[in-house]
Amino acid sequence: MANFNINKAIIGGRLTSEPELKQTPSGVMVLSFSVAVNRKHQPKGEAGQQAQTISDFINCVAWRNNAEFIARYFHKGSAICVVGNIQTRAWTDTQNAKRYATEVIVDEVY
């Protein structure tokens, strides 16, 4: 069996809020945002029930030129397509609880 190590995500949807460009202490531009992606869900139960639309909210992070590009040309509700990889990170919050985040690190944006 082949050993696959592929981590590629393509997300297309709409920005959920106005993008806010920030800068790290070392001067690198960064932008965190989420993309609402609609999907159809067929409820189980009675035959003939209408399919429901459910939104998934995908957290994304763009760095440097991609961050500046998104902040300049995209606004809340704008259609956006991002290509990147999925990354998870963990930290301990102020109450000493372990916290986790999963997000798409943007490589390309359209």
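Quick caveat, the model's predicted, so the values are computed rather than measured.
V83 has its side chain out of reach of V106: every pair of non-hydrogen atoms, C-beta onward, lies at least 4.5 Å apart. Side-chain contact check for I11 versus C81: every heavy-atom pair is 4.5 Å or farther apart. Put simply, the side chain of R39 reaches to within 4.5 Å of the side chain of D56, judged on heavy atoms.
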Discussion item. Assess the residue pair V109 and F69 against the criterion (side-chain contact (heavy atoms from CB on, under 4.5 Å)); give the C-alpha distance rounded to whole Å, side-chain angles, the decisive distance to 0.1 Å, and a yes or no.
Written reply: CA-CA 9 Å; V109 60; F69 177 75; 3.4 Å; yes
Worksheet item: Stepwise, does the side-chain contact (heavy atoms from CB on, under 4.5 Å) test hold for L15 with K76?
Response: CA-CA 5 Å; L15 285 181; K76 180 180 180 178; 5.5 Å; no
Item to complete: Applying side-chain contact (heavy atoms from CB on, under 4.5 Å), run through V61 and L31 and close with a yes or a no.
Response: CA-CA 6 Å; V61 178; L31 181 71; over 6 Å; no
Worksheet item: Hey, mind stepping through F74 and F33 against ring pair (Phe, Tyr, Trp, His ring centres under 6.0 Å) and telling me if it holds?
Response: CA-CA 11 Å; F74 294 86; F33 60 97; 8.5 Å; no
Item to complete: List the steps, then state whether side-chain hydrogen bond (donor to acceptor under 3.5 Å, both in side chains) holds for K40 with T53.
Response: CA-CA 5 Å; K40 296 287 185 198; T53 300; 3.1 Å; yes
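Remark: R99 CZ to D93 CG distance equals 5.5 Å, nearest 0.5 Å. Rounded to the nearest 0.5 Å, atoms CD1 (I10) and CG (D107) are 11.0 Å apart. From I105, atom CD1 reaches atom SG of C60 across 8.5 Å, with rounding to the nearest 0.5 Å. The distance from the NE2 atom of H75 to the CD1 atom of I70 is 12.0 Å, given to the nearest 0.5 Å. To the nearest 0.5 Å, atoms CG (N38) and OG (S55) are separated by 4.0 Å.
Looking only at distances, a side-chain donor or acceptor of T24 sits under 3.5 Å from a matching main-chain atom of V28.
When every heavy atom of G12 is checked against every heavy atom of V35, the shortest pair comes out as C-CG1, 4.3 Å. Looking at every heavy atom in both residues, A9 comes nearest to I86 through CB-CG1, 4.0 Å. Contact detail for A62 and A67: the closest heavy-atom pair is O-CB, 3.4 Å. When all heavy atoms of V37 and G13 are compared, the closest pair comes out as CG2-CA, 4.5 Å.
Sequence neighbours left out, not one pair with a member in residues 59-73 passes side chain to side chain donor-acceptor pair (under 3.5 Å). The salt bridge (charged side-chain N to carboxylate O under 4.0 Å, His left out) analysis of residues 6-27, with sequence neighbours excluded, yields no pairs.
Follow the hydrophobic side-chain contacts under 4.5 Å out from I58 and you never reach V30; the two are in separate clusters.
Neither side chain, T88 nor T102, offers a donor N or O lying under 3.5 Å from an acceptor on the other.
A 6.0 Å sphere centred on CG of L21 holds more than 12 heavy atoms belonging to other residues, nucleotides or ligands.
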